[in-house]
There are 2 protein chains.
Amino acid sequence: MAVVNTVPPEVIQQVAEYFTVLSEPMRLRILNLLRDGEKCVQELVEATQTSQANVSKHLKVMLQAGILTRRTEGTSAYYSVADELIFELCGLVCDRIASRIEEQAKQFRNFSLMARP
Amino acid sequence: MAVVNTVPPEVIQQVAEYFTVLSEPMRLRILNLLRDGEKCVQELVEATQTSQANVSKHLKVMLQAGILTRRTEGTSAYYSVADELIFELCGLVCDRIASRIEEQAKQFRNFSLMARP
DNA sequence: ACCTTTTATCGCCATAAAGTCATCTAAAGC
DNA sequence: GCTTTAGATGACTTTATGGCGATAAAAGGT
């Protein structure tokens, strides 16, 4: 299909919202914790050292974004990752950041202007 | 290399900041315009229908994030994409959103509860 | 029935950021 | 040198959101 240059506003908006979910450190921390399987709210609270209200809020954001799924068992709510794409995205970004830093290091190494011949 | 579960805060922070750049509709629009080569500020202002100050601000954000490069020619400033990864990321997200919507459509089609036998 | 545990939600505050307007800087042309 | 044009920047307003505390709601155990 042809990718036109005038992208509809709703498409732009939805893509932006998807990235917004991944733009908060606390949410990334939670997602990282959920990488090895589902966890309940309390476990996430203990692991993240933030308030329970805060964890619940972030979980709601990700749930509504379709990134997480929710399962209740008794009084507990277990969350797990529904959209594995986020790990791929994070991996790509991490690699890119790493490459940049390595490139930066090279810049300093190659800066031999003041070095003895 | 082993990917540990306790990710350093600075890493989390940097990844979050990268996604933050992509979480604004206006920036995505500008990036989309820059897909087919460099453009000067004035061209972007005309294409986006926003103020020149606003365009300059967003360009600065992306420049400092290492996503754009800047080249001046006379009184004009030409910007172009330095980090092609963003297109890959946007493509992946768009595909995912499209799949979800298709899946949603299927849900409605399969909901024949009220249909005649 | 009551109390505890777990989660969700509300009200509030502080902060961050997008957008606008006005101003400032720098290069080009006269 | 002055004006014009292009772009950057600072002050300001408005909005969105992260975080906290308190509270509500739901399920289990006593």
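No hydrogens, no waters, no symmetry mates; every other heavy atom, side chains included, goes into these values. A quick note: this is a predicted structure, and the numbers were derived from the prediction, not measured. Chain A is the first sequence line, chain B the second, and so forth, proteins listed ahead of strands; every chain is numbered from 1.
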Expected rows: protein N/O vs nucleotides 24-30 of chain C N/O, under 3.5 Å:
none

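Taken to the nearest 0.5 Å, the CE atom of A:Met62 stands 7.0 Å off from the CG atom of A:Leu34. The distance from the CD atom of B:Gln49 to the CZ atom of B:Arg29 is 8.0 Å, given to the nearest 0.5 Å.
B:Glu17 and B:Gln13 form a side-chain donor-acceptor contact under 3.5 Å, judged by distance and modelled atom types alone.
Remark: A:Gln42 is in phosphate contact with C:dT7, judged by side-chain N or O atoms under 4.0 Å from OP1 or OP2. Contact check, A:Gln52 against C:dT6: no side-chain N or O comes under 4.0 Å of OP1 or OP2.
Contacts of B:Lys57 with the nucleic acid, taken as non-hydrogen atoms under 4.0 Å apart, include base atoms. Using a 4.0 Å heavy-atom criterion, one finds that B:Ala77 contacts the sugar-phosphate atoms exclusively.
Shortest non-hydrogen contact noted between B:Leu44 and B:Ile30 is CD1-CG2, 4.1 Å.
When distances run from any side-chain atom of A:Arg70 to the nucleotides C:dG19, C:dT7, D:dG7, the shortest one goes to C:dT7. Checking D:dG7, D:dG19, C:dT20 against every side-chain atom of A:His58, the shortest atom distance belongs to D:dG19. The side chain of B:Cys40 lies closest to D:dG7, out of C:dG19, D:dG7, D:dG21. Across C:dT6, D:dT9, D:dG7, the shortest atom-to-atom separation from the side chain of B:Ser76 is found for D:dG7. Picking from D:dA6, C:dT7, D:dA8 the nucleotide with the shortest atom distance to the side chain of B:Tyr79 gives D:dA8.
If A:Thr50 and A:Thr20 are placed on DNA chain D by their nearest nucleotide, the residue sitting closer to the 5' end is A:Thr20. With DNA chain D read from its 5' end, the first of the two nearest nucleotides for B:Tyr78 and A:Ser51 is the one closest to B:Tyr78.
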- Can B:Ser99 and B:Glu103 be said to form a side chain to side chain donor-acceptor pair (under 3.5 Å), step by step? CA-CA 6 Å; B:Ser99 299; B:Glu103 204 55 42; over 6 Å; no

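By the 4.5 Å heavy-atom criterion applied to side chains, B:Gln52 and B:Ser56 are counted as neighbours.
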